[in-house]
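To start, the structure itself, in structure tokens.
The chains referred to below are lettered A, B, ... by the order of the sequence lines, with proteins before strands, and numbering in each begins at 1.
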2 protein chains.
Amino acid sequence: MVSKKIAELSLQQVNHNSPVPLYHQIEVDLQRLMTAGELLPQDVLPPEIELSRAYGVGRHTMRMALSRLTSAGWIARQAGRGTFVRERPPRPAFYLDDSFTRQMANMGMVAHSRVLDSAVSVIDARSPAALQEHPGAPCFYLARLRYGDAMPIVLQYAHIITERCPHLEQFDFGQRSLYEVLSTEYALVVQRLTHTVSAVAADRVHMEHLRVRRGTPLLLVKTSVFLDSGDIIEHTTSYYRADRYEYSVTRTGA
Amino acid sequence: MVSKKIAELSLQQVNHNSPVPLYHQIEVDLQRLMTAGELLPQDVLPPEIELSRAYGVGRHTMRMALSRLTSAGWIARQAGRGTFVRERPPRPAFYLDDSFTRQMANMGMVAHSRVLDSAVSVIDARSPAALQEHPGAPCFYLARLRYGDAMPIVLQYAHIITERCPHLEQFDFGQRSLYEVLSTEYALVVQRLTHTVSAVAADRVHMEHLRVRRGTPLLLVKTSVFLDSGDIIEHTTSYYRADRYEYSVTRTGA
DNA sequence: AATATCCGATTGTACGGACATTATTCTTAC
DNA sequence: GTAAGAATAATGTCCGTACAATCGGATATT
């Protein structure tokens, strides 16, 4: 278990005159090496004393940077052994891209979807409960069956309120994520989203589309998306095949 | 905005010969003052230099304690102003134990639980897959049926690796959360936790304890808790009655 | 009276050194 | 050969100092 040599790493020199604290400049630089693949999971960093010399800072400053990277989950340290690069560099807790496409890609599957129904309408009493605060608001409705490779995975019913993003339906959401379109085309910022996960037994509609037996347990995920104005912009109800999909979430420490 | 005087606080002296780091002894002492009400939200702590003198430690050690209390959410510091006691002492985003109790309370129900089985053992091949990286590690096993009012809600199987927290079983987790005990008694910091949610059909064991019919869809939640050292410390498998419980999570954007 | 300036209090950043603790590796004794 | 012990290497704890940055209030100026 030999540590990386200083010479093997393209450390970027710190700027002692910058108003940015030295420890933070070092944090950013090491994060760069880890995201760029110059430092890989399981790799052992050079000892802090060597790093401090290489960066031209005191040991205390170097330890400050390493300690903060430890709290943030980038690295783990063990007395007497060394400093190790952690398995998965922390990702933001907030995925703004289409998580279904991403998860399928992670599992080595190709995601695609079939539109079952779509309509431009308004919010009325038959719309999901989460949207009832905006009766009469124009909305875009989309029912899709989404596949991983050739297997149906999820049946999704999406309602998007188009009051602040007219003609949203013109975009191709096979290519772009909703969040990306809202941000670049309408300058709308997603501030918060909530997921509520439950389990239900498959009924006749699910049986047909997801090709499961009646009563098979399905994951029911309700997603609400809110803008920084506080208004809800999207609500989606999704029925996942529980045998082919897991909902997972990571929380990183206070 | 005048700060508390040292004389007004019943600081407990630290033990310089203890193997417990001084900064951690101070952390625990200040937490005691805050939970006991001797220091209230909005209160301003004495300046770090006075505190360090009062505790008989160097400024660096004092800052270390205050810095850790800051990360944990107990206090907030502002250059030029002072150190303030935060509004709500850190809440369980994290605490397993506590989160069930809290959720039941939110729904106006009284939570209690029945221990079905508990044992001190070691990780072996029959242990959950998530723990297989630590074969032979000592662990504490706890199977519980948890109720909201008189209704069974969830069947939980918890494995806690006690390698770095021996005799963890002596604490009463009806009163204290796992996170709080790890933090104050063992100076261990929870860095990350992951939840994986799936759905399964009730089998015979579930039928009996949760009092549901065979095949009823249940929410299967697997929780893994990791320390800042990168090591997993706990894994819990929970079977929730989906008709009485929803898993929900909110993500707030950058 | 309003504005600008200074000053003291407090936290933040950064340097230095000393010794302790932990894990690994190497040596030695049997 | 194996096991105990010694040396080594790494992180952890703790102390000291110096100066910078920030904030609030007091003072001085207009």
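With B:Val197 as the fixed residue, the side-chain contact (heavy atoms from CB on, under 4.5 Å) test singles out one of B:Leu219, B:Thr223, B:Val249: B:Leu219.
Distances shown here put every side-chain N or O of A:Arg81 at or beyond 4.0 Å from the OP1 or OP2 atom of C:dT22. Phosphate proximity of C:dT13 to A:Tyr23: present, with a side-chain N or O under 4.0 Å from OP1 or OP2. Considering only side-chain N and O atoms, A:Thr61 lies under 4.0 angstrom from the phosphate OP1 or OP2 of C:dC15. Residue B:Thr83 places at least one side-chain N or O closer than 4.0 Å to OP1 or OP2 of C:dT11.
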Every protein N/O lying under 3.5 Å from an N/O of nucleotides 3-9 of chain D:
none

Polar atom pairs (N or O), protein with nucleotides 17-19 of chain C, under 3.5 Å:
from	atom 1	to	atom 2	distance (Å)
C:dA18	N6	A:Arg59	NH1	3.3

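Residues meeting the side-chain hydrogen bond (donor to acceptor under 3.5 Å, both in side chains) test with A:Arg63, sequence neighbours left out: A:Glu48. Annotation: side-chain hydrogen bond (donor to acceptor under 3.5 Å, both in side chains) contacts of A:His235 (sequence neighbours excluded): A:Ser224.
Comparing D:dC14, D:dT22, D:dT11 by their closest approach to the side chain of B:Ala79 singles out D:dT22.
Counting non-hydrogen atoms under 4.0 angstrom, A:Leu22 reaches the backbone sugars and phosphates but no base.
Looking at residues 12-20 of chain B, you'll see that no heavy atom sits under 4.0 Å from any atom of DNA chain C.
The aromatic rings of B:Tyr245 and B:Tyr240 sit parallel, their planes meeting at an angle under 30°, below the 60° perpendicular limit.
Here side chain to side chain donor-acceptor pair (under 3.5 Å) pairs that include residues 107-121 of chain B, with residues two or more places apart or in two chains, are B:Arg114-B:Tyr147.
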